[in-house]
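Let me begin by presenting the structure, written as structure tokens, before commenting on it.
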Amino acid sequence: MSQKVIVVTGAGSGIGRAVADALAIAGHIVYASMRSLKERNRDRVEQIARFAEEKKIDLRALELDVLSEESIRAAFDQVLLETGRLDVVVNNAGMLMVGIAEAFTPAQMARILDTNAISWLRVNRAALPIMRRQKEGVLVYIGSTTSRIHEPFIGPYVASKAAGEALAEAMSFEAAPFGIESVIVVPGAFASGTEHFADAHGPESLAVVSQYGELPDRLCGLGKALEALDADKGLGLTVESVGKAVKDVLELPFGEKPFRISIDPQAKGTDEIEALIGARQLSFFERLGIADLMRPKRP
């Protein structure tokens with residue numbers, strides 16, 4: 001694949017940083033975006049600069065707050081000013097909430113939906129007009145296996161990721177006629193290599209938590225259970241595996257990129273679910289006369 005201009009949101013650490021690194025090492029111009037470059041994330045900006053110098057790659061920190069449409073548009077304006085293009089956007093920024101679902105307030109639920117789903121709309125509203133003018137582009141989304149196989153103790157997160165993926169899929173059909181491809185990357189849980197669990201938010205209604213007795217205590221053993229599953233499957237997947245997967249899928253020719261790819265250390269079987277859904281969806285779309293929208297085409 002020729003050199004592309006790529007923006008990765010939430011690229012200060014974890015999966016976002018792994019994706020940004022892999023794409024920059026592959027020879028692309030990559031903007032590792034995050035908020036508060038001069039304050040909260042100053043150390044991360046310096047790390048990115050050192051890494052780029054060491055590897056002799058074009059990896060640039062970019063100020064971008066996915067909760068602000070103004071910030072997103074300013075960031076994309078900067079990218080266009082510096083490069084003249086925007087070829088790929090990786091919607092990765094997100095947050096995690098862990099605890100009894102009932103104990104999260106509606107305000108907390110609105111916050112995680114804003115971060116994990118509505119932010120994708122904000123980013124796409126800035127990216128899609130550029131890509132339509134170019135008559136090409138790729139929208140990549142970092143989803144989650146939990147959007148298909150739901151789990152307890154992360155209810156707000158599950159709902160937000162499912163909402164984000166549903167939005168991404170609906171928008172993919174509408175973008176396809178303009179030569180814009182969409183790919184949802186579906187990672188499983190990674191017990192290390194990210195700050196996802198360390199930065200997780202708990203419920204604010206502690207009085208509600210107390211009504212669940214010993215049930216919340218079962219959370220404590222899930223980390224070790226995940227590690228045991230990883231060891232049992234022996235796949236050896238890490239957050240860097242997600243970066244490689246994104247790099248590999250972007251190297252595929254136009255029209256041959258899979259809509260979903262799974263990188264799941266626990267091998268939960270979401271691929272089988274997707275195959276069934278895809279077949280039923282194609283059948284339904286054929287009867288509606290809109291099956292052509294399931295694959296991108298050159299305008």
Side-chain angles (χ1 to χ4, degrees), residues 8-19 34-35 65-67 90-123 140-170 184-206 208-209 212 215-227 229-230 237-239 242 260-270 273-274:
V8 183
T9 68
S13 63
I15 288 176
R17 178 62 194 276
V19 170
M34 65 199 84
R35 57 185 175 178
D65 181 355
V66 297
L67 301 183
V90 181
N91 281 290
N92 165 76
M95 67 180 300
L96 176 64
M97 290 183 176
V98 176
I100 297 295
E102 183 193 349
F104 288 95
T105 65
Q108 285 185 291
M109 185 68 199
R111 181 184 176 193
I112 197 169
L113 281 168
D114 197 7
T115 304
N116 291 359
I118 298 174
S119 72
W120 288 4
L121 175 62
R122 289 193 194 93
V123 170
V140 178
Y141 306 87
I142 305 301
S144 170
T145 55
T146 62
S147 67
R148 292 298 194 218
I149 298 181
H150 307 330
E151 303 172 22
F153 309 124
I154 53 172
Y157 178 78
V158 170
S160 67
K161 297 303 285 188
E165 289 190 28
L167 176 65
E169 187 158 349
I184 299 178
V185 179
V186 187
F190 290 94
S192 62
T194 77
E195 298 176 7
H196 217 35
F197 290 100
D199 291 341
H201 297 255
E204 292 180 359
S205 299
L206 300 183
V208 174
V209 176
Y212 279 79
L215 183 62
D217 297 338
R218 299 184 68 174
L219 263 169
C220 300
L222 292 183
K224 290 183 178 179
L226 282 173
E227 292 175 359
L229 279 177
D230 293 354
L237 297 175
T238 64
V239 292
V242 183
R260 272 188 172 86
I261 54 173
S262 176
I263 307 94
D264 182 13
Q266 297 86 43
K268 292 184 282 291
T270 55
I273 296 172
E274 298 305 338

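Here the structure is a predicted model, which means the values were calculated and not measured.
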Under a 3.5 Å distance rule, please check whether [X] uses its side chain to pair with a backbone N or O of [Y] as donor and acceptor.
X: E102; Y: S205; value: no
X: S160; Y: Y157; value: yes
X: N91; Y: T9; value: no

Hey, what do you get for [atom1] ([X]) to [atom2] ([Y]), rounding to the nearest 0.5 Å?
X: Y141; Y: E169; atom1: OH; atom2: CD; value: 10.5 Å
X: T238; Y: I15; atom1: OG1; atom2: CD1; value: 10.0 Å
X: S147; Y: N116; atom1: OG; atom2: CG; value: 11.5 Å
X: W120; Y: L167; atom1: CH2; atom2: CG; value: 8.0 Å
X: E165; Y: I184; atom1: CD; atom2: CD1; value: 5.0 Å
X: M95; Y: Q108; atom1: CE; atom2: CD; value: 8.0 Å

List in chain and number order the residues that pass salt bridge (Lys or Arg N to Asp or Glu O under 4.0 Å) with R122, two or more places apart in sequence or in another chain; answer none if no residue qualifies.
->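 Only D114 meet the salt bridge (Lys or Arg N to Asp or Glu O under 4.0 Å) criterion with R122.
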Closest non-hydrogen atom pair, [X] against [Y]:
X: G155; Y: A101; value: CA-CB, 4.4 Å
X: V209; Y: A103; value: CG2-CB, 3.5 Å
X: H201; Y: F104; value: O-CE2, 3.8 Å
X: A159; Y: L113; value: O-CD2, 4.3 Å
X: F190; Y: P265; value: CE2-CG, 3.4 Å
X: N92; Y: G10; value: ND2-O, 2.9 Å

Worked check of side-chain contact (heavy atoms from CB on, under 4.5 Å) between D264 and L237 | CA-CA 7 Å; D264 182 13; L237 297 175; 5.5 Å; no
Can you list the steps and then say if V19 with V140 is a side-chain contact (heavy atoms from CB on, under 4.5 Å)?
-> CA-CA 11 Å; V19 170; V140 178; over 6 Å; no
Which of these, E151, K268, Q266, sits in a side-chain hydrogen bond (donor to acceptor under 3.5 Å, both in side chains) with T145?
->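 The passing option is K268.
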Verify whether one side chain among K161 and T146 offers a donor that lies under 3.5 Å from an acceptor in the other.
->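 Their side chains do not contain a donor-acceptor pair, so the 3.5 Å distance test is not met.
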Decide side-chain contact (heavy atoms from CB on, under 4.5 Å) for I100 and F153; before the verdict, give the C-alpha distance in whole Å, the side-chain angles of both, and the deciding distance to 0.1 Å.
-> CA-CA 5 Å; I100 297 295; F153 309 124; 4.0 Å; yes
